[in-house]
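A short worksheet on the structure shown next.
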Protein chains: 4
Amino acid sequence: MAPWSQDSHDAGRALGRRTWVFSAGFAPSQSTGFEPEFTSRNTLCLLNTGQKATCVKLKVYYEEAEPVGPYEILVAAQRVKHQRINDLIEPEAVYLDQPYGLVVESDEPIVAQLYYLDSRNGQLTVSHLNPSALP
Amino acid sequence: MAPWSQDSHDAGRALGRRTWVFSAGFAPSQSTGFEPEFTSRNTLCLLNTGQKATCVKLKVYYEEAEPVGPYEILVAAQRVKHQRINDLIEPEAVYLDQPYGLVVESDEPIVAQLYYLDSRNGQLTVSHLNPSALP
Amino acid sequence: MAPWSQDSHDAGRALGRRTWVFSAGFAPSQSTGFEPEFTSRNTLCLLNTGQKATCVKLKVYYEEAEPVGPYEILVAAQRVKHQRINDLIEPEAVYLDQPYGLVVESDEPIVAQLYYLDSRNGQLTVSHLNPSALP
Amino acid sequence: MAPWSQDSHDAGRALGRRTWVFSAGFAPSQSTGFEPEFTSRNTLCLLNTGQKATCVKLKVYYEEAEPVGPYEILVAAQRVKHQRINDLIEPEAVYLDQPYGLVVESDEPIVAQLYYLDSRNGQLTVSHLNPSALP
């Protein structure tokens, strides 16, 4: 592979922020079509452009229960990590078919976005969502 | 449930802003598929990460009528609330099949995002939308 | 209709910005399903929360032709206006099936978002897009 | 064509930023329907509103491999350029069916957005995504 030239002006700088928030979480439990490509999902897409690995902590908020966390995800230096919310099981599985909110906190600046795939009812729809703009 | 550790550095801090705006509201009246999962909807997704409940007030703007409001939604502390626009009936039902804009104002900082599900015509499509970036 | 109370703290203040930019414009010419509900479209969604009508001017950029404009759209005070790009014909129709970019400029602060409906090939998909974050 | 009047207050000013980041890249290799309209794709939508051509450099991040770049894209003055990620082959083709992140850097301010079309499994879904909000 051809590595990015070391004199690029972004070398060593981690892009992004340390706190991100989503309010529109909803992960359908139903799916149609082949697995795993077409399994309905919410995928948290994390990018660490920095030179150090970072520990990302998630806190999940519900409508009628106390928030749960931290969920911990390690993102290596100079790597992207696409984490399915459905696969988070420690400290407990994230509820499916329930509205949820998400606070993402990281030791180092990162970029976070959400990928939503819904294959219920013999259909396929995809959406992307940025976290909320924070002041 | 495992509560988020009390020494987390976001404890007690409410994330977000007190004013949010959307211009792209449009709630189709038609749906196909089972109810309520596949009922076409615009869902306003509110997250209150703070320690106090907050009263959220909505003002709805139309193309050819005076704005209507306030619609009031209570969001408890440390909770998410996914409110279907279609269910707002006081002071009056929000018009379906009509373009609308939305101003969201809250006593405390919150995060607001829109979830759009459209099941017209035997189809299923979902989209997410952040409010506009305000200066 | 129940008007928004005149002592609301946003009264008289126009929310938003005077300049917005989109780079991802693409309006398919093909459609399936009943018209006009399912006609493929790019809809520019403008909200004027202020007390004065505003003139919004659009400039359209292409891949292989000079930019075209201004397209002018009047948005009344306290109104939303959902303008189909496909209906802009003066100074000339916006090209369909071609990538385009859009600069939106307004006399008064407004909010702008894009609604995309694509019904090509017997399908239905909707997406929403905010303008780019400007410094 | 009717050119934008030269006394417009944006004349000569390039709108946007020089650095943009996406974390939610994923380009499906499978497609259904006629080509090229319905070929699944990730399209990077670049707009250069300035008076000078600009060289845009991309760096692609993966989950389990070193980042690759720079990919170079020339965007002429006053032009939009919609670049399919699938067509980037120098220094090497971008992996399909793999999560990726993207850093976009430009000599001059530009606007960048992502257009996602997915036609797998006899379906059609489109989504748009802004780059992450950077501080």
Side-chain angles (χ1 to χ4, degrees), chain B residues 17-26 28-30 32 40 42 57-71 90-93 95 97-107 113-135, chain C residues 1-5 7-11 13-21 32-34 36-38 41 43-50 75-84 104 109-119 122-135:
Chain B
R17 301 178 55 128
R18 297 176 63 253
T19 303
W20 298 105
V21 189
F22 299 88
S23 66
F26 179 83
S29 65
Q30 305 282 308
T32 49
S40 293
N42 282 199
K57 294 192 172 87
L58 310 184
K59 186 176 183 179
V60 179
Y61 291 79
Y62 294 110
E63 286 202 323
E64 299 183 1
E66 289 296 306
V68 180
Y71 296 88
E90 184 62 39
E92 68 175 39
Y95 290 139
D97 299 322
Q98 297 283 346
Y100 72 88
L102 193 62
V103 172
V104 179
E105 298 198 309
S106 172
D107 293 338
Q113 300 183 316
L114 200 69
Y115 177 91
Y116 174 100
L117 185 149
D118 189 338
S119 66
R120 291 178 292 175
N121 220 18
Q123 311 277 349
L124 177 66
T125 181
V126 167
S127 179
H128 295 83
L129 180 63
N130 265 299
S132 174
L134 296 178
Chain C
M1 286 208 186
W4 184 259
S5 73
D7 60 344
S8 167
H9 59 284
D10 75 322
R13 184 169 47 119
L15 296 164
R17 300 177 57 127
R18 297 177 62 254
T19 304
W20 299 104
V21 188
T32 48
F34 291 108
E37 301 97 301
F38 299 113
R41 75 196 65 168
T43 302
L44 180 64
C45 304
L46 303 167
L47 175 59
N48 176 9
T49 64
V75 186
Q78 302 267 311
R79 293 292 186 276
V80 71
K81 169 84 177 170
H82 285 200
Q83 172 68 51
R84 293 196 192 188
V104 179
I110 54 163
V111 163
Q113 300 183 316
L114 201 69
Y115 176 90
Y116 174 100
L117 185 150
D118 189 338
S119 66
Q123 310 277 348
L124 177 67
T125 181
V126 167
S127 179
H128 295 83
L129 180 63
N130 266 299
S132 175
L134 296 178

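Just so it is clear: chains get the letters A, B, ... in the order the sequence lines come, proteins before strands, and each one is counted from 1.
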Review point. So do the side chains of B:F26 and C:C45 get within less than 4.5 Å of each other, counting heavy atoms only?
Key: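 With C-beta onward as the side chain, the pair stays apart.
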Check whether [X] reaches the backbone of [Y] with its side chain - one donor and one acceptor, N or O, closer than 3.5 Å.
X: B:Q123; Y: C:G122; value: yes
X: B:E63; Y: C:H82; value: yes
X: C:R17; Y: B:L134; value: no
X: C:Q113; Y: B:N130; value: yes

Select one option (side chain, backbone, both, neither) describing which atoms of [X] are under 4.5 Å from chain C's heavy atoms.
X: B:L114; result: neither
X: B:P28; result: neither
X: B:F22; result: both

Practice item. Could you look at C:L124 and say if it's the side chain, the backbone, both or neither that has a heavy atom under 4.5 Å from chain B? Key: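 The answer is both parts of C:L124.
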Point to revise | Rounded distance (nearest 0.5 Å) linking atom CG of C:L44 with atom OG of B:S23 | key: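 Answer rounded to 0.5 Å: 7.5 Å.
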**Study point:** Rounded distance (nearest 0.5 Å) linking atom CD of B:Q30 with atom CZ of C:F34
**Key:**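 The distance works out to 10.5 Å.
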Exercise for review: Return the minimal non-hydrogen interatomic distance between B:N121 and C:G33, and the atom names on each side.
Suggested key: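 Answer, listing the atom of B:N121 first, then C:G33: ND2-CA, 4.2 Å.
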Point to revise | Worked check of side-chain contact (heavy atoms from CB on, under 4.5 Å) between B:Y61 and C:Q78 | key: CA-CA 7 Å; B:Y61 291 79; C:Q78 302 267 311; 3.8 Å; yes
**Study point:** B:E64/C:K81 ion pair, N-O < 4.0 Å
**Key:**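 No, no charged N to carboxylate O under 4.0 Å.
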